[in-house]
Undergrad: 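Below: one structure in structure tokens.
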Protein chains: 2
Amino acid sequence: MMTPAEAAEPKVEPEAEPKDAPSGTFLRDATSTEAICARILERHRDRVSVRKPHLATANLARIIEAVLKLSSRQSFHEISLRDLARVSGLSMGGLYSYFDNKTTLLVMILTEVSETVEAVLRDAPAGLEADPAAHLRWLIETHIRLTEAMQPWFVFAFMEAKGFPAAARAFATESELATERIFADVLARGVAQGVFTIPDIDLTAALIKPLLQDWYVKRAKYRKRGTPIHAYIAGVIAFVERAIAGR
Amino acid sequence: MMTPAEAAEPKVEPEAEPKDAPSGTFLRDATSTEAICARILERHRDRVSVRKPHLATANLARIIEAVLKLSSRQSFHEISLRDLARVSGLSMGGLYSYFDNKTTLLVMILTEVSETVEAVLRDAPAGLEADPAAHLRWLIETHIRLTEAMQPWFVFAFMEAKGFPAAARAFATESELATERIFADVLARGVAQGVFTIPDIDLTAALIKPLLQDWYVKRAKYRKRGTPIHAYIAGVIAFVERAIAGR
DNA sequence: TGAAAAATCGAGCGAGCGCTCGAATTTTTT
DNA sequence: AAAAAATTCGAGCGCTCGCTCGATTTTTCA
């Protein structure tokens, strides 16, 4: 009936990538743990006491990689700082050069995920707004590929949101709505142009969202079934396009 | 980007129920906390030391109600037995008359949710198998209404599955697949009768699932938007039916 | 009504938690 | 090569955790 869980078991098998994958290079460059941690560092420069950026980025990456690894089997609250020190290779005290308390570490990860989604989805290739059907396809594929590239991050943010401090939770909610608005805009433009037929645009945008999220929330299930990412993307696009097809 | 969270804020406003709601009386009778706890008790008679069934059911209900209430803002692991004693009105020691350790309590809740879904969805009105379109509509509506009636239970099972012991996790995964199979069967029968056109039945069944789950996972969002349950059900049915409509 | 049985209680136990801080080590500067 | 600065270290602090168990209260029934 439910259960996402244990999403990140074996290692990702590098799939033969179609050449025309959207934002291909961007996704690969911008979603490495190192690259993300460099951005986190920039956003939280004041909280991190280590001055050398290269060193700080590398260690923060090791810490966060340890969090994401351990969080596949335990909630964030269950992960002790001793576990974290052991898995990341730093000492207890060393950890506290990178955050002032455990909750800050949680917030660092959440905010980075939110910001990344927004930035990537708003960065559609020029001219795509003119073609709502193509734009929608691009949004669906890009969203799924982004969450694939940052899968442990998204699972973490999805599952741990409840435990965030109120401010961070409000921020996450707003971020969710922002994504939905991006989809609703495209749907509205398609209806205006007569290529889509949609009785309730907001509800439809809301229904597309969980179709995209299922790929990372239930990653283990699709892996077990042997569904490759391009098949999932094609399946979602086909399902959605038929559901909103114009007359 | 994500965030279910804080699903269960205000109290449920009793909605004007359409008379023909499926399993209407069953859902109301079988999904009260008392009724569910009576079933849990039966399944775990050996773990509970209190002999009088009426007493045991009432206290177990208070304990589980406390868990579900507290779990809307914290993970199960964060809920201390002292919190649980305070909110449920029992003493520390009293709690241990109803389970032998904290994990057992977790497992009790999960297994009951799994069993309930299976039992309810397999209990379609007689003759419905002959009409796949009607059967599919019944499955969608019944699933959503069941998860609405037991919303905190479903959110709990969904969010805490990761922390279950391996055996319980495997059981939950199997339960998820069983539900999907029920949907896949109906889709296959519809395709055979020529009323549905579906390129990949298993993938389609897999995509319908998150549409049903979104109602309880993101309950707060739909509440904030003022989307009533019948509108959500109608929206999902319309969306799915267009996506799989026959030629 | 009184004694046996059932149910409830909560202070106390060892263990593990988040976090600190002075000492030790490494890197940079002169 | 020595001094200064930056970084890393981990034992130890106070605290809360899950859980126990003998004392106490409530219920049952001859």
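By convention in this document, chain letters (A, B, ...) are assigned in the order of the sequence lines, proteins followed by strands, and residues within each chain are numbered from 1.
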Undergrad: Can you measure B:L55 atom CG to D:dT28 atom P for me and round it to whole angstrom units?
TA: 9 Å
Undergrad: Please report the distance, rounded to the nearest Å, between CG in B:L106 and C1' in D:dG18.
TA: 15 Å
Undergrad: For A:L84, report the nucleic acid contact type (base, sugar-phosphate, nothing); a contact means any heavy atom under 4.0 Å.
TA: nothing
Undergrad: In this structure, how many angstroms lie between the P atom of D:dG18 and the CZ atom of B:R86, rounded?
TA: 13 Å
Undergrad: B:Y98 OH to C:dA6 C1': how many Å, rounded?
TA: 11 Å
Undergrad: Out of B:L41, B:I63, B:I40, B:V113, which one pairs with B:M108 under the side chain to side chain contact (heavy atoms under 4.5 Å, CB included) rule?
TA: B:I40
Undergrad: Describe the nucleic acid contact of A:D83 in one word from base, sugar-phosphate, nothing, applying a heavy-atom distance below 4.0 Å.
TA: nothing
Undergrad: Report the distance from atom CZ of B:R82 to atom C1' of C:dC9, rounded to the nearest whole Å.
TA: 14 Å
Undergrad: Between A:K221 and A:D214 (side chain of the first, backbone of the second, donor and acceptor by atom type, cut-off under 3.5 Å), is there such a pair?
TA: no
Undergrad: Which part of the nucleic acid does B:I79 contact within heavy-atom distance under 4.0 Å: base, sugar-phosphate only, or nothing?
TA: sugar-phosphate
Undergrad: Establish, with yes or no, whether the OP1 or OP2 oxygen of D:dT8 is under 4.0 angstrom from a side-chain nitrogen or oxygen of A:N59.
TA: yes
Undergrad: How many Å lie between CZ on A:R51 and C1' on C:dT29, as a whole number?
TA: 18 Å
Undergrad: Are the side chain of B:E160 and the backbone of B:F76 linked by a donor-acceptor contact shorter than 3.5 Å?
TA: yes
Undergrad: Does some side-chain heavy atom of B:T33 sit less than 4.5 Å from a side-chain heavy atom of B:W153?
TA: yes
Undergrad: Between the side chains of B:R39 and B:E115, is the shortest nitrogen-to-carboxylate-oxygen separation below 4.0 Å, so that they form an ion pair?
TA: no
Undergrad: Can you check whether A:S71's main-chain N or O pairs, donor with acceptor, with B:K162's side chain at less than 3.5 Å?
TA: yes
Undergrad: Looking at B:E180 and B:A205, would you say the former's side chain and the latter's main chain have a donor-acceptor pair under 3.5 Å?
TA: no
Undergrad: Taking OP1 and OP2 of C:dG16, is either one under 4.0 Å from a side-chain nitrogen or oxygen of A:S80?
TA: no
Undergrad: Between C1' on C:dA7 and CZ on B:R62, what's the gap in Å once rounded to a whole number?
TA: 13 Å
Undergrad: Near DNA chain C, counting only heavy atoms under 4.0 Å, which residues of residues 90-97 of chain A show up?
TA: A:M92, A:G93, A:Y96
Undergrad: Nearest to the side chain of A:K52, heavy atoms from C-beta on, is which of C:dA7, D:dC17, C:dT27?
TA: C:dT27
Undergrad: Can you tell me the distance, in whole Å, between the CG atom of A:N101 and the P atom of D:dC15?
TA: 18 Å
Undergrad: At 4.0 Å (heavy atoms only), tell me whether B:F99 reaches a base, stays on the sugar-phosphate, or touches nothing.
TA: nothing
